[in-house]
Amino acid sequence: MKKDLAKVYDPKNVEDRIYREWLDKKYFHAGTRPRAKTYTIVIPPPNITGQLHMGHALDETLQDILVRWKRMQGYDTLWLPGTDHASIATEKKIVDALRDEGTSKEEIGREAFLERAWQWRAKYGGRIVEQLKKIGCSCDWDRERFTLDEGCSRAVREVFVNLYEKGLIYRGKRIVNWCPHCETTLSDAEVEYEEQDGNFWHIKYPYSDGSGYIEIATTRPETMLGDTAVAVHPEDERYKDAVGKTLILPIVGKEIPIIADTYVERDFGTGAVKITPAHDPNDFEVGQRHNLPVIDVMTDDGHMSANAGRFAGMDRYECRKAIVRELEEKGLLVSVEPMKHNVGTCYRCHTSIEPRISTQWFVRMAPLAGPAIDVVRDGKIKFIPDRFSKTYYNWMENIRDWCISRQLWWGHRIPAWYCADCGETIVSKDDPDCCPKCGSKNITRDPDTLDTWFSSALWPFSTMGWPDDAEDLKRFFPTDTLVTGYDIIFFWVARMIFSSVEHTGKIPFNTVLIHGLVRDAQGRKMSKSLGNGIDPLEIIDKFGADALRFTLATGNSPGNDMRFSDEKVEASRNFANKIWNAARFVLMNLDENEPAPHIPDEADLATPDKWILHKYNALVSEVTDALDRFELGMAVSRLYDFIWDVYCDWYIELCKTRLNAGGKAKETAKAVLVYVMSGMMKLLHPFMPFITEEIWQTLPHSGDSIMIADWPTAAEDDYAAETAEMEKIIEAIRAIRNRRAEMNVKPSRKTNVYVVSSSADTFAAGAEFFKKLASAEEVFAGEKLDVPEGCVSIVTPAASVYIPLSELVDFEAERARLNKELASDRKQYEGLTARLANENFTSRAPAQVVENERKKDKELEAKIAQLEAEISKLG
RNA sequence: GGGAGCAUAGCUCAGCUGGUUAGAGCGCUUGCCUUACAAGCAAGAGGUCACAGGUUCGAGCCCUGUUGUUCCCACCA
């Protein structure tokens with residue numbers, strides 16, 4: 001047995017070695033307990049472009065805690081890992097690389113481009129996986145998946161074709177969110193709104209007949225090049241006679257009608273709205289109602305198109321300036337009103353979105369949303385905390401059709417072909433070689449790919465072999481817990497739910513554990529642009545993975561953000577070190593060939609043993625209950641308190657005398673120390689896997705790894721009486737220390753201790769503890785006792801304690817102190833007595849509560865009597 | 001415009017279904033190198049639980065309102 005452990009715990013000597021052992025022994029592998037119940041988590045697949053950031057670290061830590069805990073409870077546990085192809089982000093990396101090489105994706109062509117992307121994935125896609133391993137993730141790496149691998153791709157195609165055949169996927173011309181930088185559409189969820197300073201330009205639109213003008217206001221003057229009408233409210237008195245007349249569109253010079261539509265708000269702006277059907281969703285609808293022409297004045301990359309006439313080729317913002325300048329020159333600009341407004345931006349590159357007419361593929365959401373709402377409403381899927389179900393309902397109930405086609409190459413290519421001869425659209429699971437309608441070979445495949453989130457939406461079942469009736473799917477699907485941040489509910493969680501319900505007829509998971517964001521020490525979001533991100537790997541390097549995990553688990557309550565700072569990790573590191581040293585202490589008292597952890601014969605147990613076992617049993621149920629409720633932060637802080645305050649600060653100290661004494665007493669103390677320490681390590685293992693394994697392996701143990709050890713179960717004990725006795729002693733020791741500290745008595749100065757108490761036997765039996773922990777020379781205990789003159793008196797509910805320090809006693813101060821304590825106790829006693837006299841309280845409060853109050857009342861009564869006696873002794 | 005969260009010690013936060021005198025970490029004060037640990041030990045100071053009402057025998061916790069703050073959704077050009 002290895003006992004010469006270093007004084008300071010060094011994670012670097014431990015973590016990688018232990019992780020490798022776990023891997024070698026295949027402990028992460030699922031499916032090895034065929035008769036056990038399953039517990040399954042699928043990882044939220046990190047992007048292959050990604051570097052592990054603090055958000056991942058939190059997310060993975062929480063998942064690993066759950067998975068390790070369930071594994072120890074005997075479940076056949078699967079944590080399925082994998083990565084996401086992240087179409088936009090990855091494509092951008094490749095495009096950038098090509099640009100640096102002086103070429104472009106168009107130049108090298110689709111096939112070569114995809115080859116590059118796969119190379120890129122091979123090179124960098126594994127990086128994040130290695131980083132997950134550093135934090136100790138117990139994923140089943142044999143089942144690692146990728147959203148663009150063969151199986152996932154087959155599922156995507158199956159789903160697309162099924163939905164198309166059911167009429168739930170359609171192709172249509174709609175206003176979409178267009179990112180001019182990424183040059184693709186985005187779904188509504190992928191647009192982030194930012195408040196920006198802008199202007200409200202008021203412009204004159206003259207009547208064609210020369211009878212004056214209508215004033216309109218716009219925040220995007222460049223779009224006027226695509227105006228095809230001006231709309232007013234049908235009941236607006238001001239424009240009653242204008243409807244039906246025409247205006248001359250300034251700069252363009254073309255005639256446009258004035259139409260009436262209830263969409264217009266009379267009270268806003270001038271009450272007249274320019275209608276640009278190609279660049280605004282509302283205008284598009286107005287245009288549909290009034291059969292207006294649709295003129296797209298922009299290009300894919302945010303420049304003005306040929307439809308913009310002489311402005312063609314100009315950047316959209318340059319064009320805006322040019323238009324305003326020209327309006328001003330022509331005297332058509334009435335005013336410029338500065339205003340803040342929300343501008344939609346691309347969630348990847350934060351370029352302003354251009355609403356734009358386009359023919360795209362959409363998922364019809366209304367029929368999918370209903371059943372997806374029901375499974376949450378019926379309690380089949382639970383959000384933790386529950387308030388996020390409201391967020392979910394709100395989104396699902398108001399959802400619009402989902403634009404799923406992307407003008408990208410890296411992704412799942414849409415399985416649709418168009419026949420050049422008859423115009424047929426062919427959507428098929430297998431690539432067709434001719435048009436099934438007219439037989440023409442002249443068919444071309446849609447060039448677009450699908451939204452990345454379309455494939456992630458299938459993740460819980462596409463990774464397990466669906467649509468086949470695969471073994472894993474049968475055994476591990478539906479999964480159990482999904483752990484993710486609240487920022488991703490719409491993108492992913494909601495879409496997994498409706499996809500799974502639609503395609504498998506089952507819920508994808510029963511519980512969604514939502515966590516918040518990890519912020520910096522000032523509470524700011526960690527971001528690249530702010531440069532305030534903290535690299536988890538650096539933290540691991542500096543403090544160890546266990547310390548990082550402990551910090552993330554401790555600071556976290558479901559759904560809430562947390563602040564991260566080095567100081568917090570330091571505290572966690574110190575805790576790891578504390579455990580390490582406690583283990584060192586236990587180990588240095590052990591002999592060769594100690595038996596495996598066990599509880600000694602009850603007859604041999606000393607009071608502190610029964611006390612710690614009683615508290616340990618309570619701990620086991622508290623920790624397990626907290627985990628059952630997904631209160632991981634609660635569970636881990638209970639462990640922290642027990643290990644540090646109960647086991648280290650008290651139990652170890654209480655054992656020292658017996659350990660020195662040797663013999664049977666030592667054997668018993670050792671056994672209980674080992675038993676409780678081993679149990680604590682098991683309870684802590686999900687949170688701090690490395691150090692607990694290292695210590696568990698060093699302690700006597702049975703089995704090969706703490707990872708597959710049995711999760712402790714709380715034993716029934718009847719040690720309540722001994723526990724109460726021990727607490728009396730501890731209380732008295734604390735009181736003595738307190739008095740000595742107040743009087744500045746050095747620990748090295750020993751004094752006799754006299755304890756007068758009705759529980760004198762308890763204190764007599766605890767004499768060794770007073771000697772060891774309260775600087776006692778000799779301990780005298782009795783129900784009545786001859787106490788020397790000139791003692792300091794210390795009153796606890798259970799005892800009056802006297803220590804002869806006459807020369808140090810300031811009798812005036814002593815009297816004042818006792819009186820102060822008496823006053824405070826009396827006040828409390830009166831409150832209690834009043835409460836107990838209240839019929840309303842005694843009859844309505846639970847019996848247990850009343851009982852506790854009575855007990856407390858009696859204790860206080862006794863203590864007050866003692867204090868009064870002491871005061872009168874002082875004269 | 002709609003919805004949600006937060007407000008507890010100097011700082012960061014716990015406080016589980018309402019039940020003694022509200023806790024922790026960090027910081028601060030005092031004393032200790034007590035043969036596991038100075039990344040430690042012992043003791044201590046510090047809070048009218050944002051504010052105002054209400055329900056209750058009892059409220060940090062439940063209800064109503066107010067203030068401050070953060071976030072999400074919607075997007076009147």
Side-chain angles (χ1 to χ4, degrees), chain A residues 5 7-9 193 200 216-220 223 231 263-265 267-270 272-276 280-283 341-344 385 387-388 390-391 394-395 398 486-487 489-490 516-517 521 523 543 554-557 559-565 567-568 570-589 622 625-626 629 631 633-634 637 640-641 644-645 648-649 652-653 656 734 737-742 744-748 772-773 775 824-825 827-828 831-832 835 838-846 848-850 852-853 855-857 860:
Chain A
L5 298 176
K7 206 167 163 180
V8 170
Y9 174 63
Y193 287 89
F200 213 24
I216 60 98
T218 180
T219 53
R220 297 189 298 156
T223 63
Y263 150 70
V264 181
E265 293 281 335
D267 303 333
F268 188 81
T270 61
V273 189
K274 64 192 266 310
I275 300 296
T276 322
D280 182 281
N282 293 310
D283 291 9
H341 62 150
N342 278 338
V343 177
R387 65 184 138 93
F388 287 105
K390 210 166 179 177
T391 313
N394 196 28
W395 191 74
N398 298 300
Y486 58 69
D487 53 335
I489 293 175
F490 303 142
L517 265 36
F543 301 103
T554 303
N556 209 266
S557 54
N560 294 330
D561 291 353
M562 65 172 296
R563 295 189 196 204
F564 191 93
S565 64
E567 291 74 53
K568 288 183 183 178
E570 254 170 59
S572 306
R573 187 266 323 260
N574 293 352
F575 178 53
N577 197 232
K578 185 74 183 175
I579 301 166
W580 183 251
N581 278 292
R584 281 178 64 219
F585 175 80
V586 173
L587 285 166
M588 75 181 210
N589 284 289
E622 278 177 8
D625 290 350
R629 293 192 311 266
E631 299 264 3
M634 178 74 78
S637 67
Y640 179 95
D641 292 344
W644 202 310
D645 301 341
C648 291
D649 286 350
I652 284 183
E653 297 303 326
K656 280 182 177 170
R734 284 210 172 103
R737 284 168 170 176
N738 180 339
R739 278 305 283 139
R740 291 178 55 109
E742 275 178 13
N744 279 318
V745 185
K746 300 244 178 213
S748 53
K772 175 83 187 145
L773 302 173
S775 300
S824 140
D825 285 346
K827 197 175 159 197
Q828 202 194 139
L832 266 177
R835 193 176 313 160
N838 185 345
E839 166 69 21
N840 269 329
F841 172 69
T842 49
S843 64
R844 295 192 201 192
Q848 186 56 247
V849 172
V850 178
N852 282 344
E853 301 280 85
K855 204 173 132 204
K856 182 73 191 166
D857 191 64
L860 268 175

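Here is how names work: the chains are called A, B, and so on, in the same order as the sequence lines, proteins then strands, and each is numbered from 1. This one's a predicted model, so the numbers in the text were calculated from it and none came from an experiment.
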Between A:D283 and A:E653, name the one whose nearest nucleotide on RNA chain B is closer to the 5' end.
A:E653

Taking the nucleotide of RNA chain B with the nearest heavy atom to each, does A:N838 or A:W644 sit closer to the 5' end?
A:W644

Round to the nearest Å and state the distance from [X] atom [atom1] to [N] atom [atom2].
| X | N | atom1 | atom2 | value |
| --- | --- | --- | --- | --- |
| A:I275 | B:rC76 | CD1 | C1' | 12 Å |
| A:N574 | B:rA24 | CG | P | 17 Å |
| A:K7 | B:rA38 | NZ | C1' | 9 Å |
| A:D645 | B:rC37 | CG | C1' | 15 Å |
| A:D267 | B:rA77 | CG | P | 14 Å |
| A:N394 | B:rC71 | CG | P | 19 Å |
| A:E567 | B:rC13 | CD | C1' | 14 Å |
| A:R739 | B:rA42 | CZ | C1' | 16 Å |

Same-atom distance ([atom1]) from [N] to [M], integer angstrom:
| N | M | atom1 | result |
| --- | --- | --- | --- |
| B:rC26 | B:rA45 | C1' | 16 Å |
| B:rC63 | B:rG19 | P | 15 Å |
| B:rC62 | B:rU69 | P | 23 Å |
| B:rA22 | B:rA14 | C1' | 11 Å |
| B:rG60 | B:rA52 | P | 13 Å |
| B:rU8 | B:rU12 | C1' | 12 Å |
| B:rU29 | B:rG10 | C1' | 14 Å |
| B:rG25 | B:rG15 | C1' | 15 Å |

Return yes if a side-chain donor-acceptor contact under 3.5 Å exists between A:N838 and A:R835, otherwise no.
no

Would you say the side chains of A:K568 and A:T554 form a donor-acceptor pair under 3.5 Å?
no

Measure the shortest side-chain to side-chain distance between [X] and [Y] over non-hydrogen atoms and say whether it is less than 4.5 angstrom.
| X | Y | answer |
| --- | --- | --- |
| A:E622 | A:M634 | no |
| A:D625 | A:R629 | yes |
| A:L860 | A:L832 | yes |

Pick base, sugar-phosphate or nothing for [X], based on heavy-atom distances below 4.0 Å to the nucleic acid.
| X | answer |
| --- | --- |
| A:V8 | base |
| A:K578 | base |
| A:Y193 | base |
| A:A571 | sugar-phosphate |
| A:K746 | sugar-phosphate |
| A:D649 | sugar-phosphate |
| A:T391 | nothing |
| A:I652 | base |
| A:R563 | sugar-phosphate |
| A:K855 | nothing |
| A:F490 | sugar-phosphate |
| A:R220 | nothing |

Between the main-chain N or O of A:N577 and the side-chain N or O of A:N581, is there a donor-acceptor pair closer than 3.5 Å?
yes

If you measure from the Lys or Arg side-chain nitrogens to the Asp or Glu carboxylate oxygens, is any gap between A:R739 and A:E742 under 4.0 Å?
yes

Taking only the side-chain heavy atoms of [X] (C-beta and beyond), determine which of [options] contains the nearest atom.
| X | options | value |
| --- | --- | --- |
| A:E631 | B:rC32, B:rG15, B:rA36 | B:rG15 |
| A:K568 | B:rU12, B:rA77, B:rU30 | B:rU12 |
| A:E265 | B:rA36, B:rC37, B:rC76 | B:rC76 |
| A:A582 | B:rA36, B:rA43, B:rG19 | B:rA36 |
| A:M634 | B:rU21, B:rA77, B:rC16 | B:rC16 |

Under 4.0 Å from OP1 or OP2 of [N]: is there any side-chain N or O of [X] that close?
| X | N | result |
| --- | --- | --- |
| A:K856 | B:rU21 | no |
| A:S557 | B:rA14 | yes |
| A:K390 | B:rA4 | yes |

Which dot-bracket string fits RNA chain B when only Watson-Crick or G-U wobble pairs with both atom distances under 3.5 Å count, crossing pairs get [ ], and | stands for a partner on a different strand?
(((((((..((((.....[...)))).(((((.......))))).....(((((..]....))))))))))))....

To the nearest 0.5 Å, atom CZ of A:R563 lies from atom CG of A:L517 at 13.0 Å

Any chance you could measure A:Y9, atom OH, to A:R584, atom CZ, to the nearest 0.5 Å?
14.0 Å

Aromatic rings A:F490 and A:W395: how do their planes relate, parallel, tilted or perpendicular, breaks at 30° and 60°?
parallel

Within 45° of the ring axis of A:Y640 and under 6.0 Å from its six-membered ring centre, is that where the NZ or CZ of A:K578 lies?
no

Any donor-acceptor pair, under 3.5 Å, between the side chain of [X] and the base of [N], if you only look at N and O atoms?
| X | N | value |
| --- | --- | --- |
| A:R573 | B:rA39 | yes |
| A:R584 | B:rC37 | no |
| A:Q828 | B:rU21 | yes |

